Structure formats: C-alpha cells, structure tokens
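A short write-up of the structure that comes next.
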Amino acid sequence: ITCNVTLPMLGKDSFQEVDIAGVTMPITKYSFLVKDVKDLAGALRRAFKIAQTGRPGPVLIDIAKDVTANKTEFKPEVPKIIPRSTEQVEAASVEKALKLMRKAKRPMIFVGGGAVISGAEKELLEFAKKLDAPVADSLMGKGAYPGTDDNYVGMLGMHGTKTADLSIGEADVLVVLGSRFSDRVTGVTKNFAKKAKIIQVDVDPAEINKNVIVDVSVIGDVKSVLDIFNSRLEQLSHPEWMEKVMERKRTLPLTYNKDRLTGPYIIEKLYELTNGEAIISTEVSDVGSTVLQIYKTENPDHIRWSWNHGIRSWRCDRSKGW
C-alpha cells in the first residue's frame, strides 16, 4: 500500500509524485490507483483476492493523498473462500501424463515452490511412493518432500547433489511440480534432462514452455493435480533404477573438510542437536546454500530465508479466506 500526491497534482510531475504503479508493473501481479474513497474498500478486497488466486503474487494499492482524508460509509463483508485453481485441469492432459508415467523405466520427480504454496506435502509423498521414483527439489521447493526419506536425493542444479544432477541426466520421464525451471537448476537449458519426456504441472499457464520445452503440461493447483494422479495411478515399481540411484546416493554424498571448523559442520551439528525440528532463519549466499544442503527438513515452514519469506507467507488456511 502506497500513498501519492493529491488528485489535482497527479500527472504533473508534482513534488514527490511517483508513478509507482508504472515503476512496479514488472514485479506486481496487479495495481490499483484509488482516486475515490468509495472505491477503497473494494480495491482492498479485490487486491487480496487477486494476490491469492492462482499463482500468488504481490498487488499494489496506490492511494491519492486527499482520498486518505475523505470519509465514506463502510459496510463490512465476510471474505469469500478462494478455491484452488482446478478449472483448467484437462482430462486429456492428465491422461497423457499418466500414460508417460506408466511407460517410464527411469522416472524422476522434481519439486518446486508451487508444491509448497499449495500445501501438497502429503499428496507428494504418496505420489512419489506410487511412482517409485527419486525426488529432487529446488531451493524454493525445500521441505515439500521430507529430506529424510529414502527417495529424496537432494537439490537439483548448481547448489544440488551429484546424485540429483547425474540422475536427472539419465531419467526417461521427469515429473516437474510447481517449478519455473530457474537457470540455477537447468544450467544450459538445451542440455537439461535430454533423455527425458518432461511433464510439467503448474498453476500458471505462462510458465509452460517458458524456459524448457515440455512434452505434457497439466495446468492447475499442484495439490489438486496430485490428488488426481494418486487416484488414477496404480502402484509402479522400478527396482533396478531405484537401486542405481540409491547406490549413487551412498557413494557420492555431500562432503566437507572435517579437519577444521566449517559452516557445514556447524549446520550438521545443529541438525543433530535439534533433531531436525528447529526453525532456521538465514540469509542467502554460502550460508543459505549450506543450510539448505545440510539441514534435512521435513517441514517447508522450518527454513526461513530472504528468497522465500514471501512464498511461505501464502501458506494460509484457504478455508478461512483472507
């Protein structure tokens, strides 16, 4: 919420006037310029709805100075429940995805921040076991899948593990859940998962084929789509593939110099002393990467850092509205 100059002074390069809506357009989902106090309550209600509908994002409300001094009749309203985005889930796309999964001999799952926002932890665990596939995550997807589970192979990309990065190069089907394919994950995109048929599940259609061209896309809330997958997918088994990945996990672990005091050692000791139940707040750079690599969280809300404070804040109880 920002405040601007009075209505008569708007658009005249007045003292302290800023076209804040224009300035923030690339980083906001929507913007309001409130010129009438009668529109203020409606703008606030719409802003909350837009911010939480579909893919969550920031909304700007800019209020002219004289509007803040005016008065109007206010009628309270009970916030409406914002439903999960499922209207775009196409049966044909779901069927294509399931067909690829059933044919897969070396499937893999990649989890992004969308799985965290949708609160899909339970559904994701069930899906990974049904597909019988290793699971890697992004920085934003950390904690959506338990870091202590046998199927978990670590983060993917430049901050990732050798197991995750090598395995994705061998996978024949990759299921991507709520990830935008950041360059920190993919590296050179033309070389990313070259042997795999890629299934992308995302609530935002704009993310499909934006950075990586995929074979099948399913548009919708990750939790809701996983519910559908779990109800339709029979138990699959890939013993040879899983054994190969798990052997890689055993022989190529993350390591550090244990002859002196290091950041990884401290984080590892913190993990042991807290039994993995601490809530950790960290900045970015090496310390952030070290925490995300070493601390095996089972809860996406237990790792708090500057990149994900916003995304975690959207993990609200949708049944209570806003």
Side-chain angles (χ1 to χ4, degrees), residues 90 92-115 120 124-125 127-141 144-145 149-202 204-205 207-220 222 225-226 228-230 232-249 252:
E90 296 179 350
S93 297
V94 170
E95 189 54 44
K96 287 179 182 178
L98 291 170
K99 187 175 181 180
L100 283 180
M101 293 179 210
R102 291 181 178 119
K103 287 185 176 181
K105 297 185 182 301
R106 301 180 304 280
M108 190 164 176
I109 299 169
F110 175 51
V111 182
L124 175 57
L125 182 61
F127 175 66
K129 298 302 181 181
K130 272 197 168 186
L131 186 59
D132 192 30
V135 180
D137 55 17
S138 68
L139 297 176
M140 301 303 288
Y145 195 84
D149 188 79
D150 288 341
N151 288 36
Y152 181 69
V153 295
M155 289 191 297
L156 192 64
M158 68 176 294
H159 296 290
T161 63
K162 287 185 177 180
T163 302
D165 289 342
L166 291 173
S167 297
I168 205 166
E170 295 179 353
D172 62 355
V173 171
L174 176 63
V175 183
V176 182
L177 303 171
S179 173
R180 61 191 173 90
F181 291 109
S182 163
D183 58 286
R184 296 299 178 98
V185 165
T186 64
V188 179
T189 53
K190 68 178 182 179
N191 295 327
F192 178 74
K194 290 178 67 174
K195 297 179 181 179
K197 297 288 186 181
I198 301 177
I199 302 166
Q200 185 178 6
V201 178
D202 204 287
D204 187 357
E207 291 301 319
I208 305 301
N209 294 326
K210 185 178 79 173
N211 295 326
V212 172
I213 303 301
V214 301
D215 297 275
V216 178
S217 61
V218 182
I219 309 300
V222 171
V225 173
L226 285 178
I228 297 172
F229 284 169
N230 289 336
R232 302 270 307 275
L233 190 66
E234 62 276 12
Q235 181 63 53
L236 301 176
S237 179
H238 310 96
E240 292 184 9
W241 167 239
M242 289 300 289
E243 177 53 36
K244 183 176 183 179
V245 175
M246 294 305 110
E247 177 63 21
R248 185 175 282 155
K249 183 178 175 180
L252 298 173

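In this text, all values refer to a predicted model and were calculated from it rather than measured experimentally.
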Separation between [atom1] of [X] and [atom2] of [Y], rounded to the nearest 0.5 Å:
| X | Y | atom1 | atom2 | value |
| --- | --- | --- | --- | --- |
| K103 | L98 | NZ | CG | 12.5 Å |
| R102 | L131 | CZ | CG | 11.0 Å |
| L236 | M101 | CG | CE | 9.5 Å |
| L233 | I228 | CG | CD1 | 13.0 Å |
| L100 | I199 | CG | CD1 | 4.5 Å |
| I109 | L226 | CD1 | CG | 8.5 Å |

Pair V173-M108, side-chain contact (heavy atoms from CB on, under 4.5 Å): steps then yes or no: CA-CA 6 Å; V173 171; M108 190 164 176; over 6 Å; no

Within 6.0 angstrom of [X] [atom1], more than 12 heavy atoms from elsewhere:
| X | atom1 | result |
| --- | --- | --- |
| E247 | CD | yes |
| R106 | CZ | yes |
| K210 | NZ | yes |

Using the side-chain hydrogen bond (donor to acceptor under 3.5 Å, both in side chains) rule, collect all pairs that involve residues 189-198, keeping only residues at least two apart or in two chains.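 Passing the test, one end in residues 189-198: no pairs.
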
Do the side chains of [Y] and [X] get nearer than 4.5 Å, heavy atoms only?
| X | Y | value |
| --- | --- | --- |
| L252 | L166 | yes |
| V153 | V135 | no |
| V214 | V176 | no |
| R180 | M140 | no |
| R232 | V94 | yes |

Residue pair N209, F181: steps toward the side-chain contact (heavy atoms from CB on, under 4.5 Å) verdict: CA-CA 10 Å; N209 294 326; F181 291 109; over 6 Å; no

Would you find a donor on one side and an acceptor on the other, under 3.5 Å apart, between the side chain of [X] and the backbone of [Y]?
| X | Y | result |
| --- | --- | --- |
| D132 | M242 | no |
| N211 | S182 | no |
| D165 | L156 | no |
| S93 | V216 | no |

Salt bridge between [X] and [Y], side-chain N to carboxylate O under 4.0 Å?
| X | Y | value |
| --- | --- | --- |
| K105 | E240 | no |
| E234 | K130 | no |
| K249 | E243 | no |

Residues that F110 engages under ring pair (Phe, Tyr, Trp, His ring centres under 6.0 Å), provided they are two or more places apart: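 Applying ring pair (Phe, Tyr, Trp, His ring centres under 6.0 Å) to F110 gives none.
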
Not counting sequence neighbours, which residues clear ring pair (Phe, Tyr, Trp, His ring centres under 6.0 Å) with Y152? List them please. none

Residues T163, V245; criterion side-chain contact (heavy atoms from CB on, under 4.5 Å); working and verdict: CA-CA 7 Å; T163 302; V245 175; 4.0 Å; yes

Show, in sequence, the C-alpha distance, side-chain angles and deciding distance for M155 and S138, and conclude whether the side-chain contact (heavy atoms from CB on, under 4.5 Å) test is met. CA-CA 6 Å; M155 289 191 297; S138 68; over 6 Å; no

Under 3.5 Å, is there a donor on one side chain and an acceptor on the other for K129 and N151? yes

